[in-house]
Amino acid sequence: YGRGYKNLKHNHTRMASSASGDRPVHVFDMQGWVTKEGGSVKNWKKRWFVLDADKLWYFKSPDDVHGEAYPRSRGCIPLADCSVGEETYKKKKNAFYLDTKERKYHFSCETPEDRDAWMEAFRKASEIAPQENLVDAKVVIVGPSFAGKSSLLRRWTTGDYTELYTESTEPSSSHQLFPLEGGLHCMMDIWDVPGSQPPGPLPPNIASGSHAVVLLFDLTNFAS
């Protein structure tokens, strides 16, 4: 849903660091421009929203999306047990609400398609909660170039597949929610390490906290 809309992006890759490029790439579930009503001051401001698992962050500009815990964010909305729906509110076009444990938020989008895409994304994010039913797991995929690591990850997380090859140059990550027995869910943080990385131990920020490593190679290529 929402693919191609000018105001939002799905599975969009952005550096989760400063411009130095020394940090991995992070893949968000969804991001884009949305107009939001303020809390204490009831004015409307256009913000850049980022949906990351079950948390909704918002920023003044896309350029502010970097650093640990996003220090330049204007706020974070936990989506646990939230409800969402369309509304007619203060003559705002394509308006919808997000009702959380803390308060009720009001939003407006440029198009009905954008509104519907955000509403569906919020509903899916709310299914991740409550946190006591959520298990975290970190998996790292390693292997030589041309082995298909990025294609496997893309197929696993989005269902898409392409035969076009683009060599990865930076480590990247993506989230995928898997159902488990007993009403539990596993939020898997999956890392793709480029085959162009120098041989040796994994970078500490990638190896730290990992639960499993998947070694991928090409059966038709003995050198791999």
Side-chain angles (χ1 to χ4, degrees), residues 3 9-17 21-31 50-57 65-70 76 78-80 121 124-221 223-224:
R3 230 166 251 178
K9 301 177 182 179
H10 298 263
N11 295 313
H12 179 74
T13 301
R14 170 172 294 276
M15 290 303 297
S17 67
D22 58 349
R23 295 286 306 281
V25 174
H26 187 71
V27 182
F28 299 117
D29 299 296
M30 184 171 171
Q31 60 180 320
V50 169
L51 178 59
D52 192 3
D54 62 341
K55 290 182 175 58
L56 182 67
W57 301 81
V65 187
H66 59 76
E68 292 290 340
Y70 310 123
C76 177
L79 299 180
K124 289 186 176 181
S126 69
E127 295 173 359
I128 299 174
Q131 291 293 334
E132 59 264 24
N133 293 329
L134 183 66
V135 178
D136 292 322
K138 181 178 180 181
V139 177
V140 181
I141 304 176
V142 298
S145 299
F146 300 97
K149 298 185 299 298
S150 298
S151 294
L152 176 66
L153 179 57
R154 188 182 305 112
R155 183 64 177 268
W156 198 5
T157 56
T158 69
D160 295 334
Y161 174 77
T162 177
E163 293 185 359
L164 298 176
Y165 176 77
T166 302
E167 185 173 8
S168 302
T169 59
E170 297 283 348
S172 63
S173 73
S174 183
H175 290 96
Q176 182 69 0
L177 184 66
F178 294 94
L180 303 175
E181 294 182 356
L184 297 176
H185 288 79
C186 177
M187 174 56 72
M188 193 169 290
D189 185 18
I190 312 168
W191 286 83
D192 174 16
V193 180
S196 57
Q197 289 277 112
L202 291 172
N205 60 331
I206 295 178
S208 176
S210 59
H211 298 87
V213 175
V214 177
L215 176 60
L216 195 67
F217 57 92
D218 184 356
L219 285 172
T220 66
N221 182 355
S224 75

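Residues that satisfy the side-chain hydrogen bond (donor to acceptor under 3.5 Å, both in side chains) test with Ser208, not counting sequence neighbours, are absent from this structure. Ser151 is linked by a side-chain hydrogen bond (donor to acceptor under 3.5 Å, both in side chains) to nothing, counting only residues two or more places apart in sequence or in another chain.
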(request) Take Trp191 and Leu202 through the test side chain to side chain contact (heavy atoms under 4.5 Å, CB included) and record every step on the way to the result. (result) CA-CA 11 Å; Trp191 286 83; Leu202 291 172; over 6 Å; no

Tell me which donor-acceptor pairs under 3.5 Å the side chains of residues 209-220 have, and how far apart each pair is, sequence neighbours excluded?
residue : atom : partner : partner atom : Å
Ser210  : OG   : Ala207  : O            : 2.8
His211  : ND1  : Lys138  : N            : 2.9
His211  : ND1  : Gly209  : O            : 3.4
Asp218  : OD1  : Thr220  : N            : 2.9
Asp218  : OD1  : Thr220  : OG1          : 2.7
Asp218  : OD2  : Thr220  : OG1          : 3.1

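Between Lys149 and Gly143 the shortest heavy-atom distance is NZ-O, 3.1 Å. The shortest heavy-atom contact between Gly195 and Ser145 is C-OG, 3.4 Å. The minimum heavy-atom distance linking Ala53 with Asp29 is given by the pair N-OD2, 2.6 Å.
Within the 4.5 Å cutoff, no side-chain heavy atoms of Asn221 are placed close to those of Phe146. Considering only heavy atoms from C-beta on, Asp189 stays 4.5 Å or farther from Asp136 through its side chain.
Between the CE atom of Met187 and the CG atom of Asp54 there is a distance of 7.0 Å, given to the nearest 0.5 Å.
Across Ile190, Asp192, Ile206, a single residue satisfies side-chain contact (heavy atoms from CB on, under 4.5 Å) together with Val140, and that is Ile206.
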